[in-house]
Protein chains: 2
Amino acid sequence: MSKTFFEELNSENVTGVAYKNINLKKAALAYFANIGNATIADMCKELNLSAPKVTTLLNDLIQDGLVKDYGKVESTGGRKPNLYGLVPDSAFFIGVDIKQNHLNLGLSDLQKNLIRTVEDLPYKLDNNKESLEQLCHHINQFITDLPVPREKILGIGINLSGRINYATGYSYSFFHFDEEPLSKIIEAKIGIRVFLENDSRAMAYGEFCSDSVHGEKNVLFLNLDHGIGMGVLIDGKLYYGKSGYSGEFGHIPLFDNEIICHCGKKGCLETEASGWALVRMFRQKLEEGSSSLLSRRNMQPSEIGLQDIIHAANHDDVLAIELIARIGENLGRGIALLINIFNPELVILGGSLAATEDYIRLPIKSAINKYSLSLVNNDTKLKISRLGERAGIIGACLLVRNKVLIS
Amino acid sequence: MSKTFFEELNSENVTGVAYKNINLKKAALAYFANIGNATIADMCKELNLSAPKVTTLLNDLIQDGLVKDYGKVESTGGRKPNLYGLVPDSAFFIGVDIKQNHLNLGLSDLQKNLIRTVEDLPYKLDNNKESLEQLCHHINQFITDLPVPREKILGIGINLSGRINYATGYSYSFFHFDEEPLSKIIEAKIGIRVFLENDSRAMAYGEFCSDSVHGEKNVLFLNLDHGIGMGVLIDGKLYYGKSGYSGEFGHIPLFDNEIICHCGKKGCLETEASGWALVRMFRQKLEEGSSSLLSRRNMQPSEIGLQDIIHAANHDDVLAIELIARIGENLGRGIALLINIFNPELVILGGSLAATEDYIRLPIKSAINKYSLSLVNNDTKLKISRLGERAGIIGACLLVRNKVLIS
DNA sequence: TAAAGTAAATAAATAAATTTAAAAACTATA
DNA sequence: TATAGTTTTTAAATTTATTTATTTACTTTA
């Protein structure tokens, strides 16, 4: 029943009143999707329709199985209105967050509820066909294990790092073997619509939809991990740029050094302000004889990873805290620049480094004050991500939901 | 007649069918404003309405005096359609572009035609009440000299450099004497609605509406003058940020020098890549004994201004060309960063330095290639402004037109 | 506890839009 | 040059949405 509805939703060559009705249905669904449940009166205001029209519209959507009557709700005097909203289990979405060394998978329903997650599933992201095969296998396994019929899953959102052209479904940094776009290749193997997204942008979207954001329309999200990624919300919408490559904040030429970045250039922000840089600095300090919780545990410098340093900092390791402050200061200079350019209401720090909270936030904050115009930076709040590691799967699910439901 | 219409346009507390009709009128006007003239069939497609409805809508607008029938036009076989469009002289807009040492004024009609301009009117922009008084006087004089009745002028757009809060009408860098917003103060003295805008953003808008831009939706405009300003077009709309302070590209901390910028900070892009920087470098070179067209004309280093250097470069002065190339290289590093962040389709170079054309464009281009990711910068075209000095008044007029007509 | 007041939902009446059909204006081809 | 084919425009018919009025449901106050 609902399947025919989603077909109808994307049908072409519909004109006149039929077209308008489809659009009204979309608008109603989008409203429910964004706002949650609503009364007929709410919908009248939102959609500029009369009560009888909204009533028939809702009845149609109830017939389609997408909307249901949630019963009466309190009123400010007078007859209690009925509340209507989406039927949570009428449709589902899958989010896949591909990290360097593991996979996070999640399932959300129509009402944004995260029903099930599988986190830290061991998986090695390599740029070869076996790795891609493995990925599809994991996704398929996840789906077959779900207590949800396959046909109710309307789409899969996959987050991948590097250059992704969201619109065409091409990935340029990973799995770019064929003529066909990567999204189509995975789609063929799984049999459900696939949407690729840049990992940082997906995390950003997850965060934007969370309660970190209250009505702010211009927000920057920074994914502070080994690399530095960014997602930009402008006017309440994700910003892509021409081909979806926007937000390459990690590779802006901000330093005058001789360190070669992963991108092949010199002087990138990532060479002085990323997780890679932190690991490099940390190892170097140890080799120079500095002491740390980690060295006292007899770890070799070359064995030490980013997670170890973050963990050490959160256990009051002075060297880790010092170096994170240095990273933060460098990063803050970069963020100052973003604030001058974007005049955002809010900057959210996410990714694994954000777990060090004020150890990274405060140096960033003071660098922002130092390097950006005060009238401008007074406008901007600086927060730590609420969702942490989960931002990725949540964002992936919500993006697919949006794609299918709203646009 | 048309006056009552614009009142109706902004009337509140209108609901139901009356509200919808006002919205349709707005949509029709916006369509004409953006696209130009159109046939009934075009409007049907655009507004998703039936032919009879569009006919009555157009008749209403014709009654209001805003739209007229432009007669028949060629067809692809079959009956020739009638073309409808805005009545050019049913409404007018004034644009005022305030420069450091002069004023440009312009009048445009409803059809975007620039009817009259007064350029290079001597005026000294100082941050005091006399200067503000002078400004109002000039504007008033311009208006009384016009062959257009005052009541047909629906608004005045004023471009000012520095921090402008477009929404509230406050200017923070100039004329910030009173509690009241500057726009209201000028409005009171002239008796016509006033809209303030940041100068670079207004120029950007002028350029975006010109034929430099063909369907590109994500465009950056750089105002290369004494300072460096930027206007950003995102998804076809001007980007403001939280309070309208976005685009402070000149004050990003990109250099590690000891030069104090106008903003009070060190290391700003403006200290190494602006008109001010060019003048400083040029004077220094002369003092160090370098030779130039200008020194051979017996000009003292301290007398030399930006225009002189631009003029010299365009007359093949080697020193000027060399230093402009250096400025261009520094600027290019900044633009590379913007390209990484925005992935724009187009970057337009405007402002007085853009008049040196390839002398500035080519060094910028090569720095972009050097400092930004190639997959990203391959997406971006780099053009010199078409409108030159006029971008300001055109942008100011068009912004007011937009404000009154569309939003 | 009844009556007055308020808001939501529904029904009937009315207004407004779309559809369908027909007329008008033009092009292309036999 | 007449006729068939197109496309626009207008007119009439029909559908659809809005208004207005009424009923239902509940709150508040006398």
Side-chain angles (χ1 to χ4, degrees), chain A residues 8 11-28 31-32 35-64 67-85, chain B residues 8 11-28 31-32 35-64 67-85:
Chain A
E8 178 196 71
S11 54
E12 315 239 326
N13 298 328
V14 181
T15 56
V17 62
Y19 176 84
K20 284 183 183 179
N21 272 329
I22 289 179
N23 267 16
L24 281 179
K25 278 191 179 185
K26 281 187 190 179
Y31 185 66
F32 284 130
I35 306 296
N37 299 350
T39 66
I40 289 179
D42 294 335
M43 305 286 298
C44 287
K45 274 181 205 147
E46 174 66 19
L47 304 173
N48 287 305
L49 295 173
S50 63
K53 177 62 187 164
V54 170
T55 307
T56 57
L57 194 67
L58 287 179
N59 285 336
D60 273 19
L61 287 167
I62 290 170
Q63 279 280 313
D64 291 330
V67 167
K68 75 174 189 185
D69 185 338
Y70 279 88
K72 300 219 176 297
V73 75
E74 285 309 299
S75 86
T76 55
R79 179 171 172 174
K80 290 176 178 171
N82 281 41
L83 204 64
Y84 297 86
Chain B
E8 178 196 69
S11 53
E12 315 238 326
N13 299 329
V14 181
T15 56
V17 62
Y19 175 85
K20 285 185 182 178
N21 272 329
I22 288 180
N23 267 18
L24 281 179
K25 278 190 179 185
K26 280 188 190 178
Y31 184 66
F32 284 130
I35 306 297
N37 300 349
T39 67
I40 290 179
D42 294 335
M43 305 286 297
C44 287
K45 274 181 204 147
E46 175 65 20
L47 304 173
N48 286 305
L49 295 172
S50 64
K53 178 61 186 165
V54 170
T55 308
T56 56
L57 193 68
L58 287 179
N59 285 336
D60 273 18
L61 288 167
I62 289 170
Q63 279 279 314
D64 290 329
V67 167
K68 73 176 193 186
D69 185 339
Y70 279 88
K72 301 219 174 296
V73 75
E74 283 310 300
S75 86
T76 54
R79 179 171 171 173
K80 291 178 178 172
N82 280 41
L83 204 64
Y84 297 86

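Values below: every heavy atom of this structure, side chains too, minus hydrogens, waters and symmetry copies. Letters go in sequence order (proteins before strands), and every chain restarts at 1. All figures in this text were calculated on a predicted structure; none of them were measured in a lab.
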K.L.:
What is the distance from CG of Leu49(B) to P of dA16(C), rounded to the nearest Å?
P.N.:
15 Å
K.L.:
Are Asn21(A) and dT16(D) close enough that a side-chain N or O sits under 4.0 Å from OP1 or OP2?
P.N.:
no
K.L.:
Picking from dA11(D), dA17(C), dA17(D), which would you name as closest to the side chain of Ser50(A)?
P.N.:
dA17(D)
K.L.:
For Leu24(B) and dT18(D), what is the distance between atoms CG and C1' respectively, to the nearest whole Å?
P.N.:
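That distance rounds to 15 Å.
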K.L.:
Within a radius of less than 6.0 Å around NZ of Lys45(A), do more than 12 heavy atoms belonging to other residues, nucleotides or ligands occur?
P.N.:
no
K.L.:
Is a side-chain N or O of Lys20(A) found less than 3.5 angstrom from the main chain of Asn48(B), in a donor-acceptor match?
P.N.:
yes
K.L.:
Please state whether the phosphate of dA25(D), meaning OP1 or OP2, lies under 4.0 angstrom from any side-chain nitrogen or oxygen of Asn82(A).
P.N.:
no
K.L.:
May I have the distance from Ile40(B) (atom CD1) to dT18(C) (atom P), rounded to whole angstrom?
P.N.:
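The distance from CD1 of Ile40(B) to P of dT18(C) comes to 13 Å, rounded to the nearest Å.
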K.L.:
Mapping Thr55(A) and Ala18(A) to their closest nucleotides on DNA chain C, which lands nearer the 5' end?
P.N.:
Thr55(A)
K.L.:
Using whole Å, what does the distance between atom P of nucleotide dT9(D) and atom CD1 of Ile62(B) come to?
P.N.:
11 Å
K.L.:
How many whole angstroms separate atom NZ of Lys80(A) from atom C1' of dT27(D)?
P.N.:
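Distance check: Lys80(A) NZ to dT27(D) C1' gives 10 Å.
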K.L.:
Hey, does the side chain of Asp42(A) reach the backbone of Ala38(A) with a donor-acceptor pair shorter than 3.5 angstrom?
P.N.:
no
K.L.:
Check Asn37(B), Asp69(B), Ile40(B) against Leu83(B) for a side-chain contact (heavy atoms from CB on, under 4.5 Å) and give me the one that passes.
P.N.:
Asn37(B)
K.L.:
Of the listed nucleotides (dC26(C), dT8(D), dT24(D)), which one gets closest to any side-chain atom of Arg79(A)?
P.N.:
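So the nucleotide nearest the side chain must be dT24(D).
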K.L.:
Taking the nucleotide of DNA chain D with the closest heavy atom to each, which residue, Ala51(B) or Lys20(B), is nearer the 5' end?
P.N.:
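Nearer the 5' end of the strand: Ala51(B).
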K.L.:
Looking at Lys53(A), I'd like to know whether one of its side-chain N or O atoms comes within less than 4.0 Å of OP1 or OP2 on dT19(D).
P.N.:
no
K.L.:
I need the OH-P distance between Tyr19(A) and dA17(C), as an integer number of Å.
P.N.:
18 Å
K.L.:
Where is the tightest heavy-atom contact between Ser50(B) and Cys44(B), given as atom of each residue plus distance?
P.N.:
C-SG, 3.8 Å
K.L.:
Measure from NZ on Lys72(B) to C1' on dT7(D) and round the result to the nearest Å.
P.N.:
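Rounding to the nearest Å, NZ of Lys72(B) and C1' of dT7(D) are 11 Å apart.
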K.L.:
Tell me the interatomic distance from Leu58(B), atom CG, to dT8(D), atom P, rounded to whole angstroms.
P.N.:
14 Å
